[in-house]
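Protein chains get the first letters and strands the later ones, always in sequence-line order, with residue 1 at the start of each.
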Amino acid sequence: MPELPEVETVVRDLRAARLVGRRIVKARVFWRKTIADPAPTGFAREIRGRTIQRLARRGKFIVAELSGARTLLVHLRMSGHLDVQPAKTRPRRHDRVVWTLDDGRQLHFADTRKFGRVWLVRNPAHVLGELGPEPLEISSAALAAGLAARARQLKPLLLDQTFLAGVGNIYSDEALWAARLHPQRRSDRLTAAQAADLRRAIQAALRKGIRNLGTTFGNGQTHFVLPRGERGRNQEQLNAYGQTGRPCPRCGTPIRRILVGQRSTHLCPRCQRQPKESR
DNA sequence: AAGTGTCCCTGCGAGC
DNA sequence: TGCTCGCAGGGACACT
């Protein structure tokens, strides 16, 4: 499941593939619902001839600035995958959109579960405008103020993209574990020190994910794999996420899995105590 | 305002 | 082996 570190890794990989400066000569859409905006026919027509000028990331969105004041936005959601293929590669089973570049190479958007979305817009704020701050850039004061301004359970709040842009299920569990905070603690009841701990933990978890080239589960068919087909290695270093029943690396208590806001959540019941006043 | 439930999708693992 | 079934999950949306 691509979150901030995985998307950052994809963007860096695409930059390394030297897509910037290439012109898009053709777009083929194999699954219409993948194109969120505009309509699929207009999408193919409007993107043709535009040059990729810059590749960036905002939250979990991949942002490609194109010539002629257009922006291509890609959200991988659950199973989306971008990779660069040689000229004349035939579309594969799960390809939803394929762009052909002026050097013949193709950019493939494959997406097994079809949750991923692609936009071609004049104004990216139309899509990105509601996103909260970048977690790697937010100040301690801003995060503390944001936590205090809401009365939410920590875990759903961290997953709320209008609160912080880019944190998902894996890294929120890892951050809460590192900060020793129960996922259902109320956001407005943290001490200043706990808020500062949480910020450090979020940033450390994300930076570690980026260093490890992301978290890869499964075979890449349903889970994250780098554009060049490599696997990340963060899954080998997780402390809480997916570790149900295994000993907490800090205290040895078995990691427990609970549901919070319909999302599976992993925690150490001893390190991450739920204070009475929070529920 | 915060929380819950439903939907979108498909592959996979469990159970039979 | 081959079947059915339930789960996984980011985000949009309706509803309480």
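Distances were taken from every side-chain heavy atom of A/N169 (C-beta onward) to each of C/dG11, B/dG11, C/dG9; the shortest belongs to C/dG9. The side chain of A/Q153 sits closest to B/dG3 out of B/dG3, B/dG11, B/dC9.
Counting only heavy atoms from C-beta outward, the side chains of A/R70 and A/R122 approach each other to under 4.5 Å.
Protein atom NE2 of A/H81 is 21 Å distant from nucleotide atom P of C/dG9, rounded to whole Å. A/R185 has its CZ atom 17 Å from the P atom of B/dA2, to the nearest Å. In this structure, A/D160 atom CG and C/dG9 atom C1' are separated by 16 Å, rounded to whole Å. Regarding A/R96, its CZ atom lies at a distance of 13 Å from the C1' atom of B/dC8, rounded to whole Å. Note: CZ (A/R113) to P (C/dA12) measures 19 Å, nearest angstrom. Between the P atom of C/dG9 and the CD atom of A/E6 lies a distance of 14 Å, rounded to the nearest Å. As rounded to whole Å, 16 Å separates atom P of B/dC8 from atom CG of A/D111. In this structure, CZ of A/F163 is placed 18 Å from C1' of C/dG11, rounded to the nearest angstrom.
The side-chain ring of A/F115 is not stacked on the base of C/dG11, judged by centre separation under 5.5 angstrom and plane angle under 30 degrees.
Checking the phosphate oxygens (OP1, OP2) of C/dG10, no side-chain nitrogen or oxygen of A/H75 falls inside 4.0 Å. Between A/S79 and B/dC9, a side-chain N or O to OP1/OP2 separation shorter than 4.0 Å is absent. At C/dA8, one or more side-chain N or O atoms of A/R257 fall inside 4.0 Å of OP1 or OP2 (strictly under the cut-off). At least one side-chain nitrogen or oxygen of A/R93 sits closer than 4.0 Å to the OP1 or OP2 atom of B/dG11. In this model, the phosphate group of B/dT10 is approached by a side-chain N or O of A/K114 to a distance below 4.0 Å at OP1 or OP2. Contact annotation: A/Q262 side-chain N/O to B/dG5 OP1/OP2 distance is under 4.0 Å. OP1 and OP2 of B/dC9 both lie 4.0 Å or more from every side-chain N or O belonging to A/H94. In this model, the phosphate group of C/dA8 is not approached by any side-chain N or O of A/Y241 to a distance below 4.0 Å at OP1 or OP2.
Salt bridge status for A/K155 with A/D173: present, with a side-chain N to carboxylate O gap under 4.0 Å. For A/R18 and A/D103, the salt-bridge test fails: no basic side-chain N is under 4.0 Å from an acidic carboxylate O. Looking at A/K114 and A/D111, no side-chain N of the basic residue comes within less than 4.0 Å of a carboxylate O on the acidic one, giving no salt bridge.
Interface remark: the A/R263 side chain does form a donor-acceptor pair with the C/dG11 base, using a distance-only criterion of under 3.5 Å.
Residue A/R152 is classed as a sugar-phosphate contact, given heavy-atom separations below 4.0 Å to backbone atoms only. In this structure, A/Y171 reaches neither bases nor backbone, as no heavy-atom distance under 4.0 Å exists between it and the strands shown. Residue A/R150 is classed as a sugar-phosphate contact, given heavy-atom separations below 4.0 Å to backbone atoms only.
Under the salt bridge (charged side-chain N to carboxylate O under 4.0 Å, His left out) rule, A/R57 has a single partner from A/E3, A/E6, A/E134, which is A/E134.
The 5' end of DNA chain B is approached more closely, in terms of each residue's nearest nucleotide, by A/A149 than by the other of A/R77 and A/A149.
By the 30° and 60° cut-offs, the orientation of the rings of A/F61 relative to A/W119 is tilted.
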